[in-house]
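Take a look at the structure set out below.
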Amino acid sequence: MSEATAVPTHCPYCALQCGMSLRPTGTPELPAEVVDRTDFPVNRGALCGKGRTAPAVLSSRVRLTGPLIRCPDTGALVPASWEEALAAVADGLRRTRADHGPDAVGVFGGGGLTNEKAYTLGKFARLVLGTSQIDYNGRFCMSSAAAAHGRAFGLDRGLPFPLEDIPRTGCVILVGSNLAETMPPALRYLTELKENGGKLIVIDPRRTRTAEQADLHLAPRPGTDLALALGMLHLVVAEGRVDEEFVHARTSGWEAARAGAMSHWPEQVERITGVPLPLLREAVALFGDAATGMVLTARGPEQQSKGTDTVGAWINLCLATGKAGRPLSGYGCLTGQGNGQGGREHGQKADQLPGYRKLDDPAARAHVAGVWGVPPESLPGPGRSAYELLDALGGEVKSLLLMGSNPVVSAPHAAHIEGRLRSLDFLAVADVVLSETAALADVVLPVTQWAEETGTMTNLEGRVLLRRRALTPPAGVRSDLEVLHALAGLLGWEKGFPAEPEEVFDELRRASAGGPADYSGISYRRIEEEQGVFWPCPETGEGEPDHAGTPRLFLDRFATPDGRARFVPVVHRAAAEETDAEYPVVLTTGRVVSQYQSGAQTRRVDELNEAAPGPFVELHPRVAERLGVAEGERVAVVSRRGRAVAPARITTAVRPDTVFMPFHWAGEGRANTLVNPALDPVSRMPEFKVCAVRLEPLSAGDATAG
């Protein structure tokens with residue numbers, strides 16, 4: 001088959017949405033192969049191992065190829081027809097709604113769903129089911145940064161500038177991100193930054209592969225990023241580095257934020273964070289002396305019970321130094337999931353309507369209700385956030401429709417959430433593989449994958465992309481849109497839920513028109529012609545040229561009512577759970593390069609499993625010596641919520657008061673069994689990154705439960 005038959009598309013994994021092409025092979029074992037696509041500007045042909053091996057999950061050997069229903073006699077999941085499976089789902093949801101009311105039915109979505117799916121899922125929940133109980137796993141990823149973005153700038157888009165700007169800035173502070181493992185093709189932007197003479201400061205409690213590239217690495221104790229940012233702002237003020245002209249002309253609230261920072265003396269910050277004061281001063285000098293600069297955060301500072309304030313403190317540092325709202329400067333969030341950005345813009349989040357409109361805004365309700373052809377008062381109000389929704393399962397929420405998520409592995413306090421899922425009256429899961437969560441379901445619906453369907457994604461830059469169908473899916477598989485179309489019909493809504501992606505996108509455009517995330521001027525044609533279109537992109541009048549899209553935000557004004565960025569005063573506070581005599585060590589969690597999120601897909605790829613076969617506990621040599629543990633020996637990590645067991649990986653890359661575990665695996669090595677579900681009061685983000693644990697060495701023969 002010639003290379004000309006390859007279809008241009010995008011990787012199914014992270015928010016870079018790297019460009020690639022797929023060439024069908026006609027072989028069920030490996031239906032397609034990846035062909036380099038060098039024309040897409042984000043990755044310029046580069047792919048990580050996950051992207052290169054993505055077609056392996058298309059194999060009939062590892063994926064679902066037909067619906068499953070739980071047999072009442074044996075308790076096993078057994079094959080069923082689509083008619084039987086869809087009828088069972090409709091009956092389960094209808095019965096719960098009739099017996100307990102609409103809010104007894106929950107819907108849980110995912111940050112990997114296309115914009116069309118996220119939009120339709122939110123519409124289905126609010127119109128067909130009439131429930132307020134919908135949220136998605138993106139709440140566990142970018143919600144703190146989104147909340148801080150909204151407070152400071154009036155608008156949340158992960159990066160307010162394209163990735164291509166990063167190498168041209170003067171200094172980047174990268175906080176809690178290990179790009180070398182989480183988004184390897186993006187590391188080139190930091191390499192090019194240094195080649196151009198720019199400086200890189202990495203803030204991470206571990207000396208990661210990314211930190212090794214830095215001009216300066218600061219290794220604070222997990223959970224102290226807020227104090228670190230406040231200490232740096234204190235030094236900016238004390239050393240006369242405030243851009244007074246910018247602060248006066250383009251911001252508000254500086255005096256209160258300044259007072260908050262000045263109460264955090266550098267010596268005090270050194271004690272809290274463990275970062276030596278000379279390094280703190282060096283970081284301030286590197287950032288302050290640069291003519292332009294950026295602060296980029298990821299899950300490290302965001303997945304905390306004070307994540308919104310922590311991100312806000314870093315934004316305050318940008319504003320005080322005049323490094324925001326100007327070319328080659330600003331604050332940005334490195335969005336994680338493939339459609340983490342678009343997924344939170346179009347209605348699958350508990351408090352939002354399409355176009356990033358607020359569900360409790362009367363004007364927003366009226367606009368969207370008009371597009372949907374229903375009275376505004378018929379729309380339910382805001383519901384529970386993700387963890388609160390999962391925690392309510394089996395109680396007030398008795399049935400759940402889940403699409404594209406695996407909370408048995410990914411949720412905090414995971415053993416508890418697994419128990420809540422098991423306690424449901426009815427659980428339906430739509431997924432491409434039999435994940436640990438799907439294995440608990442009453443009905444499992446096999447759905448198409450990225451290569452087998454067309455749809456749009458919005459990457460971390462706010463660039464709306466088009467993934468084109470390259471393969472015909474197996475006969476027993478349907479798309480999520482087809483599933484929702486069929487369920488809506490069975491539940492009395494014969495119209496309003498099309499299964500054709502472009503038809504859904506055209507409605508999404510109308511629903512988003514005039515909202516903060518305005519897609520109304522974007523079309524499939526434009527996306528293909530322009531290698532993606534940056535929102536906001538409003539529709540122009542007939543006969544007028546298309547709006548160009550907005551690659552760079554805030555250069556003229558911020559998206560607040562007065563056009564000024566808002567300083568938000570914040571102060572440091574302790575993590576929800578501090579160490580003590582019983583639990584003396586801090587656990588932090590994260591990812592490794594060869595697995596992705598809950599591992600539901602990547603753990604089915606042989607090449608990736610060879611590179612990263614299972615969980616581990618990363619600990620400092622002094623800790624290992626104290627425990628009497630050698631490299632590779634099993635260690636139990638115990639928190640107030642449970643116990644996980646994994647082999648020791650001994651390294652000086654981690655602080656002596658800290659241990660690290662990746663969270664991709666189920667079973668006894670499930671890191672999220674340990675994690676504290678304490679929530680940020682604004683974003684409702686759980687505190688994944690900080691909890692108190694103790695370590696227990698195990699002999700080779702010890703048996704443990706996760």
Side-chain angles (χ1 to χ4, degrees), residues 107 109 111 113-132 134-136 138 146 150 155-157 339-383 403 454-458 462 464-466 480-481 484-485 488 493 495-527 533-541 546-547 549-550 559:
V107 176
L113 300 180
T114 64
N115 290 316
E116 293 82 356
K117 294 178 188 179
Y119 172 84
T120 304
L121 188 62
K123 182 180 179 182
F124 179 87
R126 294 181 174 107
L127 294 194
V128 177
L129 301 177
T131 183
S132 66
I134 175 172
D135 210 76
Y136 83 127
L155 182 70
D156 161 43
R157 196 180 84 186
N339 201 31
Q341 181 68 56
R344 67 183 185 263
E345 294 168 2
H346 296 301
Q348 66 170 334
K349 198 175 175 188
D351 58 349
Q352 287 178 353
L353 288 170
Y356 224 138
R357 288 179 159 91
K358 286 291 186 182
L359 191 52
D360 56 5
D361 176 359
R365 293 170 66 87
H367 174 84
V368 175
V371 173
W372 289 351
V374 299
E377 60 273 15
S378 69
L379 300 180
M403 285 187 158
T454 295
T456 60
M457 307 285 279
T458 306
V464 185
L465 307 166
L466 184 63
D480 297 272
L481 292 180
L484 293 171
H485 169 81
W493 289 74
K495 295 182 179 179
F497 293 87
E500 173 57 42
E502 190 166 7
E503 186 177 348
V504 176
F505 189 75
D506 286 342
E507 183 179 304
L508 181 157
R509 293 170 59 194
R510 298 195 303 275
S512 73
D518 191 334
Y519 283 34
S520 59
I522 304 175
S523 65
Y524 278 21
R525 173 192 60 80
R526 284 195 62 187
I527 295 171
V533 181
F534 291 84
W535 71 262
C537 183
E539 188 172 29
T540 54
D546 290 338
H547 188 284
T550 316

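As a basis for the values below, the full set of heavy atoms in this structure was taken, side chains included, without hydrogen atoms, waters or symmetry mates. Counting from 1, the numbers follow the sequence of the chain as shown.
- In this structure, R357 has no salt bridge (Lys or Arg N to Asp or Glu O under 4.0 Å) partners at least two apart in sequence or on a different chain.
- Heavy-atom minimum distance, L155 versus A559: CB-CB, 3.7 Å.
- Between K358 and L353, every side-chain heavy-atom pair lies at or beyond the 4.5 Å cut-off.
- Using a 4.5 Å heavy-atom threshold, the side chains of N339 and L113 count as separate.
- Remark: D480 pairs with K117 by the side chain to side chain donor-acceptor pair (under 3.5 Å) rule, at least two apart or across chains.
- Residues satisfying the salt bridge (Lys or Arg N to Asp or Glu O under 4.0 Å) criterion with D546, sequence neighbours excluded, are R525, R526.
- Legend: residues meeting side chain to side chain contact (heavy atoms under 4.5 Å, CB included) with A118, ordered by chain and number and at least two apart, are Q348.
- Looking at residues two or more places apart in sequence or on another chain, you find no salt bridge (Lys or Arg N to Asp or Glu O under 4.0 Å) involving R510.
- In this structure, the side chains of R344 and Y136 come closer than 4.5 Å at one or more pairs of heavy atoms.
- You'll find the side chain of P501 reaches within 4.5 Å of the side chain of L481, heavy atoms only.
- Considering only residues two or more places apart in sequence or on other chains, F124 meets the ring-ring contact (aromatic ring centres under 6.0 Å, His included) condition with none of them.
- For H547, the side chain to side chain contact (heavy atoms under 4.5 Å, CB included) partners at least two apart in sequence or on another chain are C537, P538, T540, T550.
- Rounding to the nearest 0.5 Å places CG of L359 at 7.0 Å from CG of L379.
- T458 meets the side chain to side chain donor-acceptor pair (under 3.5 Å) test with N115, Y519; sequence neighbours excluded.
- With sequence neighbours excluded, the residues forming a side chain to side chain donor-acceptor pair (under 3.5 Å) with D506 are R509, listed by chain and number.
- With rounding to the nearest 0.5 Å, the separation of CD in E116 from NE2 in H346 is 9.0 Å.
- Atom NE2 of residue H485 and atom NZ of residue K495 lie 12.0 Å apart, to the nearest 0.5 angstrom.
- Rounding to the nearest 0.5 Å places CD of Q352 at 9.0 Å from CG of D135.
- The OG atom of S523 sits 7.5 Å away from atom CZ of F505, with the distance rounded to the nearest 0.5 Å.
- The two residues G355 and P516 come nearest to each other via the heavy atoms O-CD, 3.1 Å.
- Looking at V533 and L465, their side chains never come closer than 4.5 Å, going by heavy atoms from C-beta outward.
- Residue pairs meeting the side-chain hydrogen bond (donor to acceptor under 3.5 Å, both in side chains) criterion with at least one partner in residues 361-380, sequence neighbours excluded, are Y119-W372.
- When every heavy atom of W535 is checked against every heavy atom of D156, the shortest pair comes out as CH2-O, 3.4 Å.
- The shortest non-hydrogen separation linking G381 to S132 is O-CB, 3.1 Å.
- Applying the side chain to side chain donor-acceptor pair (under 3.5 Å) test to S520 and every residue at least two apart in sequence or in another chain returns D518.
- Across G455 and Y524, no two heavy atoms sit closer than the pair CA-OH, 4.0 Å.
- Judged as a side-chain hydrogen bond (donor to acceptor under 3.5 Å, both in side chains), the pairs with a partner in residues 121-131 (not counting sequence neighbours) are, in order, D103-T131, K123-E507.
- Once rounded to the nearest 0.5 Å, the distance linking CD1 of I522 with CG of L508 reads 9.0 Å.
- For the pair A125 and I134, the tightest heavy-atom approach, listed with the atom from each and the gap, is CB-CD1, 3.8 Å.
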